[in-house]
**Q** 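A single structure is presented below for examination.
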Amino acid sequence: MGSQVSKQLEKRKAISTEKKALVDLEGNSGETYPGSDYRPSDRKNWMAGLNPEKLHINQIVWPGTHDSATNKIGIPMITRPFAQCQSLSIYRQLCVGTRVLDVRVQEDRRVCHGILTTYSVDVVIQELKKFLSETKSEIVILEIRTEFGHDDPPEFDKYLEEQLGEYLIHQDDSVFGKTIAELLPKRVICVWKPRKSPAPKHGSPLWSAGYLKDNWIDTDLPSTKFESNMKHLSEQPPVSSRKFFYRVENTVTPQADNPIVCVKPVTNRIHGYARVFITQCFSKGCADKLQIFSTDFIDEDFVEACVGLTQARVEGKA
């Protein structure tokens, strides 16, 4: 019993120290970088506002959501706080400016997060298609994977192709160097990551797992995650020469050995430091490597932080 109490005290001290480290970093570095003062007039159509004929796929800093389809997961007030990573629906996320969706499914095509489930993936597809029908130049990366510990939904690749066929941008390395205008009217890059089913092949309407990479670490310590994100990002090729998407997740994860295991209060330890991270990317010489930037509980400021840097790249200022 005594050792457990001691461990908890040490854990709380570590969390407090790491939170202070980010506060100090923010105070020392600020939140100013090329494009940081840019605010899109219409977040729902922010890509259109940056001129699709000038905006290349490899210039975009893509605002993404982590565990995107968890707004209604589990039982409200009971199990939901342990798995909910977003409060907005898929449609509302897209309208606020999200352009990368992270969706986990199980064998019956229901969205899940670990052992908890929510609505069918049909809801995700319907809300994505609604958004696409209301916009003209917005490109969305839809990552769908089979959740760890679950089996692949049968013939899921065919399902995705049937549902999204008219919108799908086919798997092709040349896409990274193209402008949005050159890809239209196709508007969805769908990355399908099965566990056992065959991976999509080159030229397929779907993209294979190797085209969307990250280096996820399982920690609830905000400064540790911040520094790990920076280290792994610095090791990547610049976006100008990269033939895959690389994601940085501005999130931390509840740990079983800590009394606080609800997602929101834990991930809030790092949530407000997205602009600090971008500023530090410039300080450390790796701003040209930042591409997909994802978060829990996405908000307008996170989107604008990404769009601002994208705008600066288009204007040749970053």
Side-chain angles (χ1 to χ4, degrees), residues 16-51 54-66 93 96-100 138 214-215 221-242 245-252 267-318:
S16 177
T17 299
E18 295 223 356
K19 288 167 70 174
K20 184 179 184 302
L22 290 185
V23 170
D24 292 345
L25 184 61
E26 181 179 28
N28 293 329
S29 70
E31 297 182 338
T32 302
Y33 53 86
S36 61
D37 58 348
Y38 178 80
R39 300 292 183 272
S41 59
D42 179 5
R43 281 187 299 272
K44 185 175 181 179
N45 291 281
W46 67 260
M47 289 183 173
L50 295 181
N51 190 347
K54 291 177 61 179
L55 180 56
H56 289 77
I57 293 298
N58 60 13
Q59 291 178 311
I60 298 169
V61 181
W62 303 74
T65 50
H66 166 244
Q93 289 176 42
V96 85
T98 301
R99 293 296 176 267
V100 180
E138 306 305 300
D214 54 32
N215 292 97
L221 298 173
S223 183
T224 295
K225 183 63 176 287
F226 190 101
E227 295 301 330
S228 173
N229 281 344
M230 191 66 67
K231 174 182 178 294
H232 289 300
L233 179 64
S234 70
E235 295 167 352
Q236 304 305 313
V239 291
S240 58
S241 61
R242 191 187 300 158
F245 295 101
Y246 184 78
R247 172 170 52 206
V248 172
E249 290 191 334
N250 190 59
T251 64
V252 286
T267 202
N268 275 350
R269 296 169 187 166
I270 197 171
H271 185 270
Y273 295 96
R275 289 181 179 270
V276 178
F277 185 84
I278 297 175
T279 302
Q280 283 294 297
C281 285
F282 279 94
S283 295
K284 296 183 180 298
C286 58
D288 62 338
K289 301 178 179 184
L290 187 60
Q291 191 170 41
I292 296 176
F293 200 24
S294 292
T295 188
D296 292 323
F297 302 102
I298 198 163
D299 55 26
E300 291 87 350
D301 187 68
F302 186 90
V303 169
E304 291 176 349
C306 298
V307 177
L309 179 50
T310 303
Q311 188 262 355
R313 286 177 174 178
V314 174
E315 297 299 320
K317 298 175 182 177

**Q** Given side chain to side chain donor-acceptor pair (under 3.5 Å), test Thr65 with Gln93 step by step and report yes or no.
**A** CA-CA 8 Å; Thr65 50; Gln93 289 176 42; 2.8 Å; yes
**Q** Sub-3.5 Å donor-acceptor pair from the side chain of His271 to the main-chain atoms of Phe297, do we have one?
**A** yes
**Q** Got Ile60 and Gln291 here, is their nearest side-chain heavy-atom distance under 4.5 Å?
**A** no
**Q** State, yes or no, whether a side-chain contact exists between Val248 and Asp214 at a heavy-atom distance under 4.5 Å.
**A** no
**Q** Are Arg313 and Asp288 ion-paired here, with the side-chain N under 4.0 Å from a carboxylate O?
**A**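 Salt bridge absent between Arg313 and Asp288.
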**Q** Measuring only between side-chain heavy atoms, which start at C-beta, is Arg275 closer than 4.5 Å to Asp301?
**A** yes
**Q** Once rounded to the nearest 0.5 Å, what's the spacing between atom NZ of Lys225 and atom CD of Glu227?
**A**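 Rounded to the nearest 0.5 Å, the NZ-CD separation comes to 13.0 Å.
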**Q** Run through Asn250, Thr295, Asp296 and flag the one making a side chain to side chain donor-acceptor pair (under 3.5 Å) with Thr267.
**A**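 The option that passes is Asp296.
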**Q** Which value, rounded to the nearest 0.5 Å, describes the distance between Leu290 atom CG and Tyr33 atom OH?
**A**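 Those atoms lie 9.5 Å apart.
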**Q** When you compare the side chain of Leu233 with that of Cys281, does any pair of heavy atoms fall below 4.5 Å?
**A** yes
**Q** Can a side-chain donor-acceptor contact be found between Glu249 and Ser294 if the only test is distance below 3.5 angstrom?
**A**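 Note: Ser294 and Glu249 side chains miss the donor-acceptor criterion.
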**Q** Assess whether a salt bridge exists between Glu304 and Arg43, defined as any Lys/Arg side-chain N lying under 4.0 Å from an Asp/Glu carboxylate O.
**A** yes
**Q** Taking it one step at a time, do Phe293 and Phe302 satisfy ring pair (Phe, Tyr, Trp, His ring centres under 6.0 Å)?
**A** CA-CA 9 Å; Phe293 200 24; Phe302 186 90; 5.1 Å; yes
**Q** Would you indicate whether the side-chain heavy atoms of Asn51 and Val314 approach each other to under 4.5 Å?
**A** no
**Q** Checking Thr32 against Thr279 for the side chain to side chain contact (heavy atoms under 4.5 Å, CB included) test, could you report, in this order, the C-alpha distance in whole Å, the side-chain angles of both residues, the deciding distance, and whether it holds?
**A** CA-CA 6 Å; Thr32 302; Thr279 302; 5.7 Å; no
**Q** More than 12 non-hydrogen atoms from neighbouring residues, nucleotides or ligands closer than 6.0 Å to NZ on Lys44, yes or no?
**A** yes
**Q** If you define the side chain from C-beta out and look only at heavy atoms, does anything of Trp46 sit under 4.5 Å from Thr310?
**A** yes
**Q** Please report the shortest heavy-atom distance between Gln311 and Gly35, naming the atom on each side.
**A**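 In this case the closest contact between Gln311 and Gly35 is OE1-CA, 4.5 Å.
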**Q** Excluding sequence neighbours, so at least two apart, what forms ring pair (Phe, Tyr, Trp, His ring centres under 6.0 Å) with Tyr273?
**A**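 Partners of Tyr273 under the ring pair (Phe, Tyr, Trp, His ring centres under 6.0 Å) test: none.
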**Q** Return the minimal non-hydrogen interatomic distance between Cys306 and Pro63, and the atom names on each side.
**A** CB-CG, 3.7 Å
**Q** Classify the angle between the aromatic ring planes of Phe277 and Phe226 as parallel (below 30°), tilted (30 to 60°) or perpendicular (above 60°).
**A** perpendicular
**Q** Please find the pair of heavy atoms, one from Cys286 and one from Met230, that lie closest to each other, and give the distance.
**A**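 Looking at all heavy atoms of both residues, the shortest contact is SG-SD, 3.6 Å.
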**Q** So Ser29 and Gln280, side chain to side chain contact (heavy atoms under 4.5 Å, CB included) or not? Walk me through it.
**A** CA-CA 7 Å; Ser29 70; Gln280 283 294 297; 3.2 Å; yes
**Q** Can you tell me how far the CD atom of Glu31 sits from the CD1 atom of Ile278, to the nearest 0.5 Å?
**A**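 The CD1 atom of Ile278 is 9.5 Å from CD of Glu31, to the nearest 0.5 Å.
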**Q** Glu300 versus Val96: any side-chain heavy-atom pair under 4.5 Å?
**A**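 Glu300 reaches Val96 side chain to side chain.
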**Q** Which atoms form the tightest heavy-atom contact between Gly49 and Tyr38, and what is the distance?
**A**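 Scanning both residues, the minimum pair turns out to be O-OH, 4.5 Å.
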**Q** Got a donor-acceptor contact below 3.5 angstrom from the Gln59 side chain to the His56 backbone?
**A** yes
**Q** Give every residue pair that meets the side chain to side chain donor-acceptor pair (under 3.5 Å) criterion with at least one member in residues 232-241, sequence neighbours excluded.
**A** Lys231-Glu235
**Q** Looking only at non-hydrogen atoms, find the nearest pair between Leu22 and Pro222 and report the distance.
**A** CD1-CB, 3.6 Å
**Q** Tell me the closest heavy-atom pair linking Ile298 and Gly64, and the distance in Å.
**A**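 Between these two residues, the closest heavy atoms are CD1-O, 3.9 Å.
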